[in-house]
Each structure stands twice: as C-alpha cells, then as structure tokens.
Amino acid sequence: MAVIKTDVLIIGAGPAGLMAANVMQKRGVDFVCLEKKAERSVLSKALGIQARSLELFEFLGVNKPFVKRGYPGPGAKLHLAGKAPSYVEMYHIESRYPYLLIIPQHEIEEILEEHLNDRGGEISREHEVLEVDEQAEGVYVTAQHHGVKKTYLAQYVLACDGAHSKVRELLDVEFVGEDEGITFFTGDVEIPEMKEIHINLHLNDRGAAAFFPYKDGTYRVVGFDRTRQDGPRKREMELHEMQSTLDTILDTSYQVENPKWLAYFGTAHRQVPNYRKGRVFFVGDAAHINNPLGGQGMNIGLEDVANLCWKIDTVLKGYAGNPFLDTYHEERAPVAREVIRNTTMELKLIRLQGIPGKLRNWAGKAALTQNWVQAIFAKALSHVHSDYDKTPINRSFKDTSLPRRAIQAGERVPDQLLFMNGTTDERLFPLIQRVGYVCLIYIDSYQQELVDYAYEFSEKANEVFPNMMKVFLVARGGTVLTDRDELPIIYDSYRHLDKNLGMKKGSTLFIRPDGHVGFHDGSADLQQVMGKLKRYFI
C-alpha cells in the first residue's frame, strides 16, 4: 500500500482544523486535512467570535465575510434578580472589533471551508483515523475511507479532533480535569416578543438563562434549570421542555417557537499536560475544554492555530530548529489554564443561592455601574490582552532601556494607522497579513547612521533568514531621501508607533506573523539585534 506523504496532517475539520488548513494553504505548506464526518454539522454549537479571533481572521484575509454575516453584539444586559439590569458594554475593547460577533458555528465552518476551497485547498471527508505511530522519519497515520485503509506520513500532525480526540486516545495522553455535574439546555429558536440588541442574561435562585441575538432575528438560548438537575441526563430536548424551563426561571417569560435544534449538555474542564507529544500537537478542544460561560472555548482554539501554524512553517523552511515548536505549549497552555480557572469560578458564582446568591447579585450590580469594571470584563472576554510576555524566552528579550509604555516581547501589537511612503494611509494589520514577519526600524528623521544600520540589518537578516521578513524604515515626518530605495518608508505622522507602541529613535520592533512582538530593541546595535534575531529562533 502506497504511503501518502505530506508536511502537515490535520485531523479534524471543525473551526480549529479549518483555520489550520487555511493558514497552511496561505503559507504554501503541503498539508492534508482529514475529517471523519461526511458533511459539516448543521448544528450551531459555538456561536461567539471574540475580537482577537476577528483580528486573527484579518491576518488570514477572511474577516470580511464574518463581519458581513455575523451580528455585532454590543454587550450584555445582566438581570441579577432585580428589575433594573446591569450592563457590560463591549466598546471598551481596544480593537477594530469592539463587540462579540454572534454567528452560529455551522456558518463559521462554511465561511472557512469556502475560503479554503476558493484558494485551492480541500478537506478529505469520511476519513476515520485508526492508528497513529511516530517514527524517526515522521508520523504514520492510518485512516479508513469507505472501507479502504490509507497510510499517511507527515512531518507534523495537528490533532484538531475535539474533546473526544481519537489522536489523544491512541497516543494515551491524559486529559486532566473533571466533569462539573451541571445539565445545561440550549437551542436556536424564534422569540417574537423579544426585541433586543444586547445579550440578555437572567440569573436567580431558580436558574439562569441567556439569550443571544442572531442577525436574522432568531436567538440562541442557553442556561440551566435548578429543578431539572437530578436524574439521568437526556441529550435531546423538546420545545415544551424549554418553554417550561424558561417559565420557571424568568419573572416574565417569553414564548419560544420554531426551533432549529434543541439539546441538553453537560460541561467539564480538562487540559492535556503538554500540548506537544513529539511531532504531534494538540489544538483546540483536543487540548483543553471548559464550560461555555463567556464564549471562550472555540476562540482559544482559533488562537492556538494562529500561534502554532506559522511556527511549523518557520521550522519547515529551515529558519528555526525543532525546539522552537516547544514555545507553542509554553505560550498557549497558560491562556487555557486561566480560562478554565475563570469559567470554573464563574460557574460556582452562578450556582450560588440564598444569602450568598443575594450578596453576589448586590456586589455584581454595584461593580458593573463602574466603567472601569465593565472595561476589565470586556477586555478579558475579548482576549485582546492574552499576551505571552511571561514565558521564559519572552522575558529574556525584555529591553528595560525602552520607555515604560513600550511594547515588549510576547505582547499583542494593537493595530495602528500608518502613512506609507508619504502617499497613502494604511493600517498595520493588513501589512502583517500581506508580509508575515514585519520589522520596523525607527529612524526618527533622516540620520545617516540609523539608515546605514537599517540597511545593514536587513542585509544580514536576509543572509541568515533568506526572504523571511520585510524591513521598514519609520520616520516621524518630513521627507526622507536615501541613496538606496530597497527599504520602504513609513511616516509616523499620527505618532501611533511612538505614543502607542513606545518606539523611539533607534528602536527595532520585530513582529511575528500572529501579530505578537518577537522582540523590541532600542539599541540600534547591529551585533546585539542580530544576536537576538538568531536566538529568537532557538
């Protein structure tokens, strides 16, 4: 039987697997994506795309279809056992996407698969993984397709096959955590009497119910009924059961109609000890799961992909060594741990009854009257501050000579407005989307020694890492004329790079393809900066 060789084998075509396939297709990496199911699921399941995920979709060039088809939820109204609701407004998020984009999972998958197909990629459906075996030359994966076994040999395998990962099972990798013992209900329905632009959450001693508005006027309903927690858990829910549950929980109930789907489900929090096992990487729900509070799970899976795929491509191209891939676990595992910790705590708070529940409601209403508290909640949910600056490698690159406000290694780079070549306005994110690795060198104004440094650095970097990154000169304003024109010039006319990123004369800001800082150095010392660039890729 012939062995099918590929650089990267992606197992699973949910949101994480589809995004991984798109990133590999964009970067020109040879890949195969296997999916057990014959067709995409028609169930909506996950439904909220956070601001950081939309930024990552922009780096992929697929953000516009999502924004067009999704509902930009401006925030949430929290009914904490009282008549007057409290608010969490999303405009506090420091992003071009200051909202929760509400769109059902089947549409998320449809957009990602169409984007992939339009660019020449495809998903191999009805392929069930049977065996995974790592050898010196790569990972052998045996899959069955219509009764015929196929063997693949990949340099790397991405297990994007969900909470019940077959890859994780075959490799005997622990999934550490526990079930949370709560039965939730969910479904997509019509609610003719509800005319809301906000997400609505009702919480009291009888249970909790949240309503998420879709763009077509229907709603996702999710929650739990304290009176229905005993006895065996059913998977399917009847419309009359949802209506009875909502009548129990809400002070003023709403009539629900025409369900697209209804279900009961349980929750758990679990995480693999290490996101990497040799040449196999666990991504999304295969690496971590948590309860649905805050709409976090799918989003951290998408962020996993954005962190890992460019690193694999960098190693495949020979720019980095194998240990570079260990940074995937180092950077991403703490993010999921924090989400698990927060959502577990939130569930415990929601379950409080009696006097503790009243204290929760009083404290929550008092806190949410403060804009700064709302901002903390909104930014935490959005993941725009899920930085990697605490990892050992990124801490080692911190430059204390830079201004205190300066962005440092591992931090997410906010989008900035640029004046390119003195002729057109452009944002930083589309630049990252087109180029990948971006290096900005701040020359302030025309100074020959800094221009010489920039050109020498560009030449040396290209010798060591051929065609890897693009270097840009950054000037405050005026006209910069040099004897050479290989390096494009950005004019910081809006002072965004100075004021927002802390760049100064002589700063070298190396930005990764996922929009995080590789390093920020203020020395303009060629030997020092080249040393950092080489050390970065281990």
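The side-chain heavy atoms of T327 and T391, taken from C-beta on, include no pair separated by under 4.5 Å. Two residues are said to be in side-chain contact when any heavy atoms from C-beta on lie closer than 4.5 Å; E178 and H269 meet this criterion. Looking only at side-chain heavy atoms (C-beta outward), I93 and L381 stay at 4.5 Å or farther from each other. With a 4.5 Å cut-off on side-chain heavy atoms, L203 and L78 do not count as touching. Using a 4.5 Å heavy-atom cutoff, the side chains of H79 and P85 are in contact. Considering only heavy atoms from C-beta on, F429 stays 4.5 Å or farther from R96 through its side chain. Contact check for V23 versus F59: no side-chain heavy atoms found under the 4.5 Å cut-off. Counting only heavy atoms from C-beta outward, the side chains of W372 and H92 never approach each other to under 4.5 Å.
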Evaluation steps, side chain to side chain contact (heavy atoms under 4.5 Å, CB included), between N63 and F66: CA-CA 5 Å; N63 55 313; F66 283 102; 5.8 Å; no
Intermediate values then yes/no, side chain to side chain contact (heavy atoms under 4.5 Å, CB included), I312 and Y328: CA-CA 10 Å; I312 288 178; Y328 167 58; over 6 Å; no
Chi angles and distances behind the side chain to side chain contact (heavy atoms under 4.5 Å, CB included) call for I350, F224: CA-CA 10 Å; I350 285 176; F224 72 91; 3.3 Å; yes
Trace of the side-chain hydrogen bond (donor to acceptor under 3.5 Å, both in side chains) decision for N290 with Q296: CA-CA 8 Å; N290 57 274; Q296 305 290 289; over 6 Å; no
Side chain to side chain contact (heavy atoms under 4.5 Å, CB included) assessment of V272 paired with F175: CA-CA 5 Å; V272 295; F175 206 28; 3.8 Å; yes
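Taking CG of D225 as the start and CD1 of I182 as the end, the distance is 11.0 Å to the nearest 0.5 Å. Rounding to the nearest 0.5 Å gives a distance of 10.0 Å between NE2 of H127 and CD1 of I11. Taken to the nearest 0.5 Å, the CD atom of E196 stands 6.5 Å off from the OH atom of Y254. Taking CG from L47 and CG from L101, the interatomic distance works out to 10.0 Å, rounded to the nearest 0.5 Å. In this structure, NZ on K77 lies 5.0 Å from CG on N200, to the nearest 0.5 angstrom. The distance from the CD1 atom of I340 to the CD1 atom of I289 is 8.0 Å, given to the nearest 0.5 Å.
Side-chain contact, E58 with Y97: a donor N or O sits under 3.5 Å from an acceptor N or O. A donor atom on one side chain and an acceptor atom on the other are not found under 3.5 Å apart for S386 and R52. Under 3.5 Å, the side chains of E180 and T267 contain a donor-acceptor pair of N or O atoms. Side chains of Q50 and N299: no donor on one and acceptor on the other come within 3.5 Å.
Listed for the T183 side chain is no donor-acceptor partner under 3.5 Å among the backbone atoms of G266. Judged by distance alone, the side chain of E330 and the main-chain N or O of L325 form no donor-acceptor pair under 3.5 Å. Between the side chain of E411 and the main chain of V517, no donor-acceptor pair closer than 3.5 Å is present. With hydrogens and angles ignored, the 3.5 Å screen pairs a side-chain donor or acceptor of N291 with a backbone N or O of T343. Remark: the backbone N or O of L112 is paired with a side-chain donor or acceptor of N22 at under 3.5 angstrom. Judged by distance alone, the side chain of N274 and the main-chain N or O of R276 form a donor-acceptor pair under 3.5 Å. Not one N or O on the side chain of Q408 forms a donor-acceptor pair closer than 3.5 Å with the backbone of K398. Judged by distance alone, the side chain of N204 and the main-chain N or O of L250 form no donor-acceptor pair under 3.5 Å. Judged by distance alone, the side chain of S165 and the main-chain N or O of D161 form no donor-acceptor pair under 3.5 Å. Put simply, the side chain of Q243 gets close to the backbone of V256: a donor and an acceptor are under 3.5 Å apart.
For R405, the CZ atom counts as densely surrounded, since its 6.0 Å shell holds more than 12 non-hydrogen atoms of other residues, nucleotides or ligands. Under a cut-off of 6.0 angstrom, the local environment of CG in D179 is crowded, with over 12 non-hydrogen atoms contributed by other residues, nucleotides or ligands. Enclosure of atom CD in E236 is not indicated, since only 12 or fewer non-hydrogen atoms of other residues, nucleotides or ligands lie within 6.0 angstrom. More than 12 heavy atoms of other residues, nucleotides or ligands shown are found within 6.0 angstrom of CD on E126. More than 12 heavy atoms of other shown residues, nucleotides or ligands fall within 6.0 angstrom of atom NE2 in H385.
Across all non-hydrogen atoms, the minimal contact from P273 to V176 is CG-CG2, 4.2 Å. The two residues F397 and A409 have their closest heavy-atom pair at CB-CB, 3.7 Å. Taking every heavy atom of both residues into account, L158 and C309 meet most closely at CD2-SG, 4.0 Å. Across A51 and V384, no two heavy atoms sit closer than the pair CB-CG1, 4.0 Å. What you find for D285 and G297 is that their closest heavy atoms are OD1-O, 4.5 Å. Of all heavy-atom pairs spanning G61 and H115, the tightest one is O-CE1, 3.5 Å.
Counting only residues at least two apart or on different chains, no salt bridge (Lys or Arg N to Asp or Glu O under 4.0 Å) pair has a member in residues 337-358. Sorted by first and then second residue, the pairs that involve residues 375-391 and meet salt bridge (Lys or Arg N to Asp or Glu O under 4.0 Å), not counting sequence neighbours, are E94-K379. Applying the salt bridge (Lys or Arg N to Asp or Glu O under 4.0 Å) test to every pair with at least one member in residues 292-310, sequence neighbours left out, gives these pairs: E303-R332, D304-R332.
Y388 and H516 have parallel rings, their planes meeting at less than 30° on a 0 to 90° scale where 60° marks the start of perpendicular. The aromatic rings of F211 and H202 stand perpendicular to each other, their planes meeting at an angle above 60°, with 30° marking the opposite boundary. Note: Y156 and F281 have tilted aromatic rings, judged against thresholds of 30 and 60 degrees for the angle between ring planes. Using cut-offs of 30° and 60° for the angle between ring planes, the F184 and F265 rings count as parallel. The aromatic rings of Y494 and H496 lie tilted to each other, with the angle between the two planes from 30° to 60°.
Salt bridge R206/D247: absent, no basic N to carboxylate O contact under 4.0 Å. Electrostatic pairing of E107 and K215 does not count as a salt bridge here, judged by no charged N lying under 4.0 Å from a carboxylate O. Electrostatic pairing of R226 and D205 does not count as a salt bridge here, judged by no charged N lying under 4.0 Å from a carboxylate O. Of the charged side-chain nitrogens involved, none lies within less than 4.0 Å of a carboxylate oxygen, so that R412 and D514 do not count as a salt-bridged pair. Residues E169 and K166 are not paired through a salt bridge, judged by the lack of any N-O separation under 4.0 Å between the basic side chain and the carboxylate.
When each of K26, R27, R512 is checked for a salt bridge (charged side-chain N to carboxylate O under 4.0 Å, His left out) with D313, only R27 meets the rule.
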